[in-house]
J.: 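Dumping the structure here so I can ask a few things about it.
Treat the numbers as computed from the prediction; the structure is a model and nothing was measured. Every chain is numbered from 1 and lettered A, B, ... according to where its sequence line falls, protein lines coming before strand lines.
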2 protein chains.
Amino acid sequence: MFSQTSRYALRTLAYLATHRDRWVLAREIAEGAGIPPDYLSKILARLRKRGFVSSQKGWGGGFRMKGTGGKVAISAVLETFDGKREKDGCAFGLGRCNAEAPCPLHPHWERIREEYEQMLTLTLCDLKHEGAP
Amino acid sequence: MFSQTSRYALRTLAYLATHRDRWVLAREIAEGAGIPPDYLSKILARLRKRGFVSSQKGWGGGFRMKGTGGKVAISAVLETFDGKREKDGCAFGLGRCNAEAPCPLHPHWERIREEYEQMLTLTLCDLKHEGAP
DNA sequence: ATCTCAATGGATATTGTCATCCACTGAGAG
DNA sequence: CTCTCAGTGGATGACAATATCCATTGAGAT
């Protein structure tokens with residue numbers, strides 16, 4: 001469904017959400033959440049630039065969620081990494097496909113996407129770390 | 001979602017489903033369904049090997065659906081091009097995520113995927129050509 | 001000041017999808 | 001038989017996503 005990178009990002013934030021009290025090493029996140037360490041560093045950089053996490057260099061440093069981080073919706077994270085989702089895309093990839101001229105899958109797909117969007121409104125508070133793959 | 005290639009394949013089959021009475025040129029499908037002609041030839045080859053369509057070389061040739069083609073489920077087409085879908089994958093990409101140890105998205109995701117799988121049981125008969133993108 | 005730790009960021013490698021090009025093969029028209 | 005049409009298939013290219021490597025920067029410990 002969503003990209004590997006977004007999954008990593010969500011797992012990262014879920015991990016940080018369960019350790020809000022301290023600076024967490026990137027290395028620790030990588031192990032704990034099962035993410036390639038060097039790739040994780042890129043993801044963490046984007047999360048920091050986007051304002052979801054803070055970072056601290058040097059001895060005793062690491063990453064932690066920003067104060068407001070827990071109230072961020074999943075959809076905001078996905079948009080950071082996968083770009084904006086097109087909310088009226090057609091499963092068939094047809095250009096003209098809407099309520100008036102629906103493709104055969106339109107009603108089914110419409111309903112599925114609505115539930116999907118609903119799911120993405122959940123916030124990071126809801127995400128708890130569940131272990132590596 | 002499914003891949004671009006699968007979307008092309010479904011559009012192709014939908015187009016052929018609306019012209020079951022004759023041999024249809026690849027070129028015509030490409031124009032009618034909005035698919036890159038040279039790429040379409042690869043897709044048609046796989047559809048033929050898989051037994052969804054027949055082909056006829058030379059003057060007056062082209063492609064058409066096999067007799068049984070209309071009863072093929074969308075899921076069968078997707079599996080041909082995207083490979084088997086893992087029915088119990090986790091949105092988070094976590095390895096251990098099931099009813100006993102669910103990730104926070106599990107119940108939501110479960111329900112969405114069920115509806116999705118339901119949609120894929122529709123057959124090609126249900127797919128009518130709706131024009132290019 | 002100097003050492004070590006840990007994040008930062010630029011360069012590069014790998015992989016798979018999507019796409020194009022073109023030479024070959026088989027079939028009907030004349 | 002020969003010409004043209006149209007599918008077949010191998011080789012190649014463009015590109016993004018994923019992943020790795022390593023040199024640099026900033027910060028605390030001593």
Side-chain angles (χ1 to χ4, degrees), chain A residues 1-12 15-16 19 22-66 77-85 93 133, chain B residues 1-12 15-16 19 22-66 78-84 93 133:
Chain A
M1 243 329 222
F2 24 82
S3 72
Q4 181 70 318
T5 305
S6 282
R7 274 195 294 271
Y8 286 162
L10 287 172
R11 297 223 294 264
T12 298
Y15 191 93
L16 288 178
H19 300 92
R22 60 181 175 91
W23 293 104
V24 182
L25 295 186
R27 194 188 323 138
E28 177 186 336
I29 302 172
E31 279 187 29
I35 304 173
D38 288 307
Y39 193 53
L40 175 60
S41 76
K42 305 301 183 193
I43 292 169
L44 283 166
R46 295 179 72 176
L47 289 173
R48 182 180 57 78
K49 281 170 190 159
R50 181 56 213 273
F52 293 144
V53 305
S54 305
S55 65
Q56 180 62 47
K57 284 188 177 184
W59 198 97
F63 296 87
R64 71 195 314 174
M65 292 200 79
K66 274 242 175 113
V77 180
L78 293 193
E79 270 163 27
T80 301
F81 291 93
D82 296 349
K84 261 215 168 333
R85 280 155 294 116
Chain B
M1 260 302 247
F2 23 84
S3 70
Q4 180 72 317
T5 305
S6 281
R7 274 195 293 271
Y8 287 161
L10 288 172
R11 298 222 294 263
T12 298
Y15 191 94
L16 289 176
H19 300 92
R22 61 180 175 90
W23 294 104
V24 182
L25 297 186
R27 195 188 322 138
E28 177 186 336
I29 302 173
E31 280 188 28
I35 304 174
D38 288 309
Y39 193 53
L40 175 59
S41 77
K42 305 300 183 194
I43 292 168
L44 283 166
R46 295 177 73 175
L47 289 173
R48 182 179 59 77
K49 281 170 191 160
R50 180 57 212 270
F52 293 144
V53 304
S54 305
S55 66
Q56 179 62 45
K57 284 187 177 184
W59 198 98
F63 296 87
R64 72 195 314 175
M65 292 200 80
K66 275 247 175 108
L78 294 193
E79 270 164 26
T80 301
F81 292 93
D82 295 350
K84 260 216 167 334

J.: Sequence neighbours left out, what passes side-chain hydrogen bond (donor to acceptor under 3.5 Å, both in side chains) with D38(A)? Give chain and number order.
T.: none
J.: How far does CD1 of I29(B) sit from CD1 of I43(B), to the nearest 0.5 angstrom?
T.: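 Answer rounded to 0.5 Å: 10.5 Å.
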J.: Go through the structure and list residues passing salt bridge (charged side-chain N to carboxylate O under 4.0 Å, His left out) with E79(B), not counting sequence neighbours.
T.: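 Only K84(B), R85(B) meet the salt bridge (charged side-chain N to carboxylate O under 4.0 Å, His left out) criterion with E79(B).
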J.: How close do L40(A) and A26(A) get, heavy atom to heavy atom, and via which atoms?
T.: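 Nearest heavy atoms, L40(A) then A26(A): CD2-O, 3.3 Å.
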J.: Write down the distance between CG (L47(A)) and C1' (dG9(C)), rounded to a whole number of angstrom.
T.: 16 Å
J.: Considering non-hydrogen atoms only, spot the tightest contact between L78(A) and F2(A) and give its length.
T.: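 Nearest heavy atoms, L78(A) then F2(A): CD1-CD2, 3.7 Å.
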J.: How large an angle, rounded to 10°, do the end axes of the helix from dA1(C)-dT30(D) to dG30(C)-dC1(D) enclose when each is built from five base pairs?
T.: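 Comparing the axis at each end, I get an angle of 10°.
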J.: Between S55(B) and dT8(D), is there a side-chain N or O to OP1/OP2 distance below 4.0 Å?
T.: yes
J.: Using the side-chain hydrogen bond (donor to acceptor under 3.5 Å, both in side chains) criterion, which residues pair with E28(A)? Sequence neighbours excluded.
T.: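 Scan of E28(A) (side-chain hydrogen bond (donor to acceptor under 3.5 Å, both in side chains), adjacent residues dropped) gives Y15(A), R22(A).
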J.: Enumerate, atom names and distances included, each donor-acceptor pair closer than 3.5 Å involving a side-chain atom of residues 46-64 of chain A, sequence neighbours excluded.
T.:
| residue | atom | partner | partner atom | Å |
| --- | --- | --- | --- | --- |
| R46(A) | NH2 | T80(A) | O | 2.9 |
| R50(A) | NH1 | T80(A) | OG1 | 2.9 |
| R64(A) | NH2 | R20(A) | O | 3.3 |
| R64(A) | NH2 | D21(A) | O | 3.1 |

J.: What closest approach, in Å, do A9(A) and V77(A) show between heavy atoms, and which atom pair accounts for it?
T.: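 The pair with the smallest heavy-atom distance is CB-CG1, 4.0 Å.
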J.: Please tabulate, one pair per line, each protein N/O and nucleotide N/O from nucleotides 14-17 of chain D that are separated by under 3.5 Å, including the distance.
T.:
none

J.: Which part of the nucleic acid, if any, lies within contact of L44(A), taking any heavy atom under 4.0 Å across all strands shown: a base, the sugar-phosphate backbone alone, or nothing?
T.: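 If one applies the 4.0 Å heavy-atom cut-off, L44(A) turns out to touch nothing in the nucleic acid.
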J.: What is the distance from CD1 of I43(A) to C1' of dT20(D), rounded to the nearest Å?
T.: 13 Å
J.: Rounded to whole angstrom units, what separation is found between the CZ atom of R46(A) and the C1' atom of dG9(C)?
T.: 14 Å
J.: On the nucleotide dG9(C), are OP1 or OP2 found under 4.0 Å from the side-chain N or O atoms that R48(A) carries?
T.: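 Checking dG9(C) against R48(A), a side-chain N or O does come within under 4.0 Å of OP1 or OP2.
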J.: Using a cut-off of 4.0 Å between protein heavy atoms and nucleotide atoms, how would you tag nucleotides 21-30 of chain C 5' to 3' with B, S and -?
T.: B---BBBS--
J.: May I have the distance from R11(B) (atom CZ) to dC18(C) (atom C1'), rounded to whole angstrom?
T.: 14 Å
J.: Quick one: list whatever passes side-chain contact (heavy atoms from CB on, under 4.5 Å) with P37(A), sequence neighbours left out.
T.: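 Partners of P37(A) by the side-chain contact (heavy atoms from CB on, under 4.5 Å) criterion, ordered by chain and then number, come out as A30(A).
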J.: Whole Å only: how far is the CD1 atom of I35(B) from the C1' atom of dG7(D)?
T.: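 Distance check: I35(B) CD1 to dG7(D) C1' gives 16 Å.
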J.: Just how far is it from atom CZ of R7(B) to atom CG of D82(B), taken to the nearest 0.5 Å?
T.: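 Those atoms lie 9.5 Å apart.
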J.: Which residues pass the side-chain contact (heavy atoms from CB on, under 4.5 Å) test with S41(A), sequence neighbours left out?
T.: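 side-chain contact (heavy atoms from CB on, under 4.5 Å) list for S41(A), sorted by chain: empty.
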J.: Nearest whole angstrom, please: distance from the C1' of dA6(D) to the CZ of R64(B).
T.: 16 Å
J.: For L25(A) and dT8(C), give me the distance from atom CG to atom P, rounded to whole Å.
T.: 12 Å
J.: From the list dA6(D), dT8(D), dA19(C), which nucleotide is the closest neighbour of the side chain of F63(B)?
T.: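 Closest nucleotide among those given: dT8(D).
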J.: Hey, could you give me the OG1/CG distance between T5(A) and L10(A), rounded to the nearest 0.5 Å?
T.: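 Rounded to the nearest 0.5 Å, the OG1-CG separation comes out at 11.0 Å.
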J.: Picking from dA6(D), dA19(C), dT20(D), which would you name as closest to the side chain of P36(A)?
T.: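 Closest of the options to the side chain of P36(A): dT20(D).
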J.: Roughly, in whole Å, what's the span from CZ in R27(A) to P in dT4(C)?
T.: 16 Å
